[in-house]
Amino acid sequence: MTPMSRKLTNIQAQVPTDIEIAQSVAPLPIDQIAAQAGILPEELELYGKTKAKVHLSIRERLKDTPNGHYIVVTAITPTPLGEGKTTTTVGLSQALGAHLGKKVFTCIRQPSQGPTFGIKGGAAGGGYSQIIPMEEFNLHLTGDIHAITAANNLLAAAIDTRIFHEQTTPKDDALFDRLCPPKKDGSRRFSSVMLRRLRNLGIAKTDPNELTPEERSRFARLDIDPDSITWRRVVDTNDRMLRQITIGQGAEEKGITRSTGFDMAVASEIMAILALATDLGDMRERLGRMVIGTNRQGTPISADDLGVGGALTVLMKDALLPNLMQTIEGTPAFVHAGPFANIAHGNSSIVADQIALKLVGRDGYVLTEAGFGADMGMEKFCNIKCRYSGLTPDCAVLVTTIRALKMHGGGPKVVAGQPLAHEYTQENLELAADGCSNLVRMIQNAKRFGMHVVVAINRFSTDTQAEVDLVRNVAVAAGAEDAVMSNHWAQGGAGAIELAKAVVAACEKPTRFQFLYPLDLGIKDKIEAIVKGMYGGSGVEYSPEAEKKVELYTRNGFDRLPICMAKTHLSLSHDPSLKGAPVGFVVPVRDIRASVGAGFLYPLLGTMSTMPGLPTRPGYYDIDIDTASGRIVGLS
């Protein structure tokens, strides 16, 4: 494979807007990107000229090829503005590929349209370090999120349909006859998903006519407890009015109403499954065992119990294939899956990483980005994603900014949409030094997993050399291999060359990756390991509801699943107001929920919004289209 090389030559001193930069660079044909990356034509499904899906068969073809170096990009606890983690990931990839001549792949998440049209904007990177075309990246892409929406809502419909028909069909024999209607000759048949339910019930029979009346009743009547249902409908729009709704108010629903609501599509467990599934068979099993609630006796009810697991897989089969795109400087990128980093694991897909590692080969580099800070996305990357993928990272790149460190050092509150206080735009070594406590804790978090750490200081124009030197000295003293100022936003890959060299050097050193906890620990022990080992807390307290869930999940065998903490990303603790590196706090667990199909339990540390609301002036005010040229404007 010949590395791509397309160094930018038209960089402007006054950096234009992201969309102006992205539209100033003509994307290379995606089949050319694929060929350069080593992807065969028959392994490519084109979606126009600038994006494509790739087949998982690449892994089998290249199974004897050694994996490349595996690098996870994480960050310190960010300000509400974000610290440029995706921009750093892309800039570093461009430096490695277009400037150092290395084989490289970037693997990042697909963003939701909710933030794109809301307040946050897109997530393709920024400045001269972006994925292009950024409009397609931030909008429909290849329809994966729409597939998740369709599958999620099919399951939601199946739940309420089953409740309706069971309540309106009081006799078990009549319900069984509707599920397994006899033909004219009296014969019946179970569908394949029905056979799965029978096996789950311990019934070995395959002929419906052989079931006893008691077996027919157990098979046919799920007896779902409406109060136990955790499955909600989803939409890929920030629509606050759908957070809580009442369904079943139509005349034909016979008064069978229920209170429920909508989440963002990317908050669906199906999105988490897309990111963690390793092949179509694995996805089918995960989708089938998703738990939507319990029956009135407390037994979990799965998607396969509802008969819908196979249909969900049909809707999701194409979404499992990673999406191939490119950076501004022509290095290849996989954009695939986008689970929430607050309530899910916040990482892109396993299959994208696996394919990329084979394509770059022994001497290549794969950058995969983890959501939020090293207490959140990186911890979940290691304890959840790496467990299911079997992959182990060589290095962690820890993104920081002087701005964020000053906030952690006691600087004024940072609020999105409001001007920064002068403390952030003028040299202030005292604030930066005090805030380095957060940086030190995050370095320690990464090293706890046995990874080498390179700190990337994402440069802002107001940073001074004295502040950069201070951060570098603190980082190296805390155990980082190096700390390098990177100016990739303003200069593209050329601004990240020194960072790339530091990453290459770190990857040459041997690692001894280890998990934070073994899976055979109890639920509470695993939670405490994260609280004490990652957050710096002193203990955990559980609400009565959380205590009930610990008992329920242990009884049903879910206690051997890894833990996916749902907490704020704005603090190492559960309290977003606690900055720096707080200690001695007790973390409250108000509830614990199970994503059995995805394969984790998620304790709730406070209130997590799964349906953000739109501000008074959403981003869509600026988004429009030039009807003469068809060019999108105002997207950020």
Q) For Leu635, which of Asp622, Asp18, Ile19 qualifies under side chain to side chain contact (heavy atoms under 4.5 Å, CB included)? A) Ile19
Q. Which heavy atom in Gly493 sits nearest to a heavy atom in Ala95, and how many Å separate them?
A. O-CB, 3.3 Å
Q. Counting only N and O atoms by type, is there a donor-acceptor contact under 3.5 Å from the side chain of Asp353 to the main-chain atoms of Cys107?
A. no
Q | His345 versus Ala272, closest heavy-atom pair with distance | A | CE1-O, 3.5 Å
Q: Could you walk me through whether Arg196 and Ser302 pass the side-chain contact (heavy atoms from CB on, under 4.5 Å) test, one step at a time?
A: CA-CA 11 Å; Arg196 285 173 178 256; Ser302 71; over 6 Å; no
Q: Kindly indicate whether the side chain of Arg59, heavy atoms from C-beta on, has any atom under 4.5 Å from the side chain of Asp279.
A: yes
**Q.** pair Leu222-Asn295: side-chain heavy atoms closer than 4.5 Å
**A.** no
Q: Identify which one of Glu379, Met378, Glu369, Met376 satisfies the side chain to side chain contact (heavy atoms under 4.5 Å, CB included) criterion when paired with Thr74.
A: Met378
**Q.** Lys85 side chain to Ala75 backbone, donor-acceptor under 3.5 Å
**A.** no
Q: Starting from the C-alpha separation in whole Å, work towards a yes-or-no answer on side-chain contact (heavy atoms from CB on, under 4.5 Å) for Ile229 and Thr260.
A: CA-CA 9 Å; Ile229 296 172; Thr260 182; over 6 Å; no
Q. Is the closest basic N to carboxylate O distance between Arg232 and Asp263 below 4.0 Å?
A. yes
Q. How many angstroms lie between CD1 in Ile39 and CG in Leu359, if you round to the nearest 0.5 Å?
A. 5.0 Å
Q: Run the numbers on Ile632 and Leu139 for side-chain contact (heavy atoms from CB on, under 4.5 Å), then give the verdict.
A: CA-CA 11 Å; Ile632 294 172; Leu139 298 175; 3.9 Å; yes
Q. What distance do Ile563 atom CD1 and Lys526 atom NZ have between them, rounded to the nearest 0.5 Å?
A. 5.5 Å
Q) Do the rings of His140 and His146 sit parallel, tilted or perpendicular, given the 30° and 60° boundaries? A) tilted
Q) Does any non-hydrogen side-chain atom of Ile148 lie less than 4.5 Å from one of Met316? A) yes
Q | Contacts of Phe372 that satisfy ring pair (Phe, Tyr, Trp, His ring centres under 6.0 Å) - sequence neighbours left out | A | His569
**Q.** Residue pair Tyr517 / Ile530, side-chain heavy-atom distance below 4.5 Å
**A.** yes
**Q.** Pair His336-Ser349, side-chain hydrogen bond (donor to acceptor under 3.5 Å, both in side chains): steps then yes or no
**A.** CA-CA 6 Å; His336 196 213; Ser349 75; 2.7 Å; yes
Q. Roughly how far, to the nearest 0.5 Å, is OG of Ser595 from CZ of Arg286?
A. 11.0 Å
Q) Does the Ser228 side chain pair with the main chain of Thr294, one donor and one acceptor, at a distance under 3.5 Å? A) yes
Q. Between Ile145 and Met271, is a side-chain contact (heavy atoms from CB on, under 4.5 Å) present by the stated rule, with each step listed?
A. CA-CA 8 Å; Ile145 292 179; Met271 175 61 90; 3.9 Å; yes
**Q.** Side-chain donor or acceptor of Lys549 paired with backbone N/O of Asp591 under 3.5 Å
**A.** no
Q. Does any N or O in the side chain of Asn153 come within less than 3.5 Å of the main-chain N or O of Val234, such that one atom is a donor and the other an acceptor?
A. yes
Q) So does Arg362 have more than 12 non-hydrogen atoms from other groups sitting under 6.0 Å from CZ? A) no
Q: Look only at the side chain of Asp236 and the backbone of Val266, and say whether a donor-acceptor pair between them is shorter than 3.5 Å.
A: no
**Q.** Expected output: side-chain Lys380 to main-chain Asn347 donor-acceptor under 3.5 Å
**A.** no
Q | Student check: side-chain heavy atoms of Cys382 and Phe513 closer than 4.5 Å | A | yes
(Q) One thing to verify: whether Asp305 and Arg162 come together as a salt bridge, which I'm taking to mean a side-chain N less than 4.0 angstrom from a carboxylate O. (A) no
Q.
I need the Thr331 OG1 to Leu96 CG distance, nearest 0.5 Å.
A. 9.0 Å
Q: Using a 4.5 Å cut-off on heavy atoms from C-beta on, say whether the side chain of Lys53 contacts that of Asp144.
A: yes
Q. For the atom pair CG (Leu92) and OH (Tyr365), what is the distance rounded to the nearest 0.5 Å?
A. 10.5 Å
**Q.** Where Ser93 and Leu367 come nearest, the two heavy atoms and their spacing
**A.** N-CD1, 3.4 Å
Q: Answer with yes or no whether the side chains of Asp304 and Asn200 bring together a donor and an acceptor at under 3.5 Å.
A: no
Q: Decide yes or no on side-chain hydrogen bond (donor to acceptor under 3.5 Å, both in side chains) for Thr88 and His488, but give the supporting numbers first.
A: CA-CA 7 Å; Thr88 302; His488 44 274; 3.1 Å; yes
Q: May I ask you to check whether Tyr70 and Phe381 place their ring centers less than 6.0 Å from one another?
A: yes
Q.
Quick check: closest heavy atoms across Ala267 and Ile343, and the distance to 0.1 Å?
A. CB-CD1, 3.9 Å
**Q.** Contacts of type ring pair (Phe, Tyr, Trp, His ring centres under 6.0 Å), residue Phe600, not counting sequence neighbours
**A.** none
Q) Can you tell me if Thr568 uses its side chain to pair, donor with acceptor, with the backbone of Leu570 under 3.5 Å? A) yes
Q) Do Asn67 and Lys358 have side-chain heavy atoms sitting under 4.5 Å apart? A) yes
Q) If you round to the nearest 0.5 Å, how far is CG of Leu155 from CZ of Arg233? A) 9.5 Å
Q: Would you mind telling me which of Asn152, Ile270, Leu306 makes a side chain to side chain contact (heavy atoms under 4.5 Å, CB included) with Met290?
A: Ile270
Q. Looking at Leu56 and Pro322, what are the two nearest heavy atoms and their distance?
A. CD2-CD, 3.8 Å
**Q.** Shortest non-hydrogen contact from Val351 toward Leu320
**A.** CG2-O, 3.7 Å
Q.
Using a 3.5 Å distance criterion without hydrogens, assess whether the side chain of Gln94 forms a donor-acceptor pair with backbone atoms of Tyr128.
A. yes
Q) Is there side-chain contact between Asp559 and Tyr553, with heavy atoms separated by less than 4.5 Å? A) no
Q.
Using a 3.5 Å distance criterion without hydrogens, assess whether the side chain of Tyr388 forms a donor-acceptor pair with backbone atoms of Gly599.
A. yes
